[in-house]
Amino acid sequence: MTDYETILVETRGRVGWITLNRPDALNALNTQVCREVVAAASAFDSDAGIGAIVVTGSERAFAAGADIKEMESKTGLDMLLGDHFGGWTQFAAVRTPVIAAVAGYALGGGCELAMMCDIILAADTAKFGQPEITLGVIPGMGGSQRLVRAVGYYKAADLILTGRMMDAAEAERSGLASRVVPAADLLAEAQKTAEAIAAKGLPALYAAKAVLDGALESSLAEGLRLEKHVFASLFDTEDQKEGMAAFREKRTPDFRGR
Ligand code: CAA
């Protein structure tokens, strides 16, 4: 496997793990981290042996944001011409379901990275926030758009305008955290959830992710049209025949991913 310097990558069964590993900078997301996370996620995404990806950090920090020291001296034109956060778009576009397993700080770009994932599993130590306003800027990796969709306008505005952090319980109440678990159980729970997903058929998983994305990006009518066609297309897969036969025969389905 490729050598990475800022992340650790491993495979556990059908689950691909990406662990952010810049402990001295609380996993701040610089361009190298972005390049490596995108490369690792893309490799998992093109591997039929992988049915789910987990992205995690350390006990202290999932990620404390984009790397402030890397950005400090840049001009507006530098940010635009270099498309500073553009690489993350590729991460957000992976077909495979992605779980963010968040302990400690998930701030700025860290919160935005979690929101590019499909499920946010939060340790009870997690702290989420978009503190960019305290640096004289605003969220730049999608936070202003994804946070509003996740928690609604008023909670998002409260977080983005004050820069305050919210704890795991508030994040779960607000709909940002899918679930909160004790910190000691976070990684085991992430693996268990990822295994439950990875045991399903890949065509149905990709289809589910595509229609979920559609719900965020289109009108209700367009989203329902998309769902109708994607739903119907799954009836041409072997996995659909297997899944429904297994139900009738009262056994566990053996999905083949086709
Ligand atoms: N970028 C670069 N370095 C960072 C960093 C970041 N986002 N966050 C933390 N670090 C570094 C610190 O500079 C420090 O390094 P040194 O030891 O070399 O000084 C090290 O990580 C440990 O951090 P602290 O000593 O500050 O740790 P703490 O426990 O006292 O505080 C914290 C923790 C509250 C998370 C604090 O580090 C902090 O406020 N970090 C910045 C959070 C932030 O503003 N994030 C948004 C960044 S901008 C952004 O993300 C834009 C976007 O939308 C994409």
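As the structure lists them, so they are numbered: ligands from 1, and atoms in each ligand from 1.
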S.K.: Report, one line per pair, each donor and acceptor closer than 3.5 Å where one atom sits in a side chain of residues 207-214; sequence neighbours left out.
M.R.:
unit_1, atom_1, unit_2, atom_2, d
Lys209, NZ, Val94, O, 3.0
Lys209, NZ, Thr96, O, 3.0
Lys209, NZ, Asp118, OD2, 2.9

S.K.: Any idea which residues sit under 4.0 Å from ligand 1, heavy-atom distances?
M.R.: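 Residues near ligand 1: Asp24, Ala25, Leu26, Ala28, Arg60, Ala64, Gly65, Ala66, Asp67, Ile68, Lys69, Met71, Phe85, Tyr105, Leu107, Gly108, Gly109, Glu112, Pro131, Glu132, Leu135, Pro139, Gly140, Met141.
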
S.K.: Do we see a donor-acceptor contact under 3.5 Å between the side chains of Glu36 and Thr6?
M.R.: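 Yes, a side-chain donor-acceptor pair sits under 3.5 Å.
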
S.K.: Salt bridge between Arg12 and Glu10, side-chain N to carboxylate O under 4.0 Å?
M.R.: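 Answer for the salt bridge query: yes.
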
S.K.: Going by the ring-ring contact (aromatic ring centres under 6.0 Å, His included) test, which pairs reach into residues 53-87, not counting sequence neighbours?
M.R.: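 Found none.
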
S.K.: So if I apply the side-chain contact (heavy atoms from CB on, under 4.5 Å) rule between Thr193 and each of Val54, Ile99, Val15, which one comes out positive?
M.R.: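 The option that passes is Ile99.
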
S.K.: Can you give me every donor-acceptor pair (side chain of residues 101-112, partner residue at least two apart or in another chain, under 3.5 Å) with its distance?
M.R.:
unit_1, atom_1, unit_2, atom_2, d
Glu112, OE1, Gly109, N, 3.2
Glu112, OE2, Gly140, N, 3.3
Glu112, OE2, Met141, N, 2.8
Glu112, OE2, Gly142, N, 3.3
Glu112, OE2, Gly143, N, 2.7

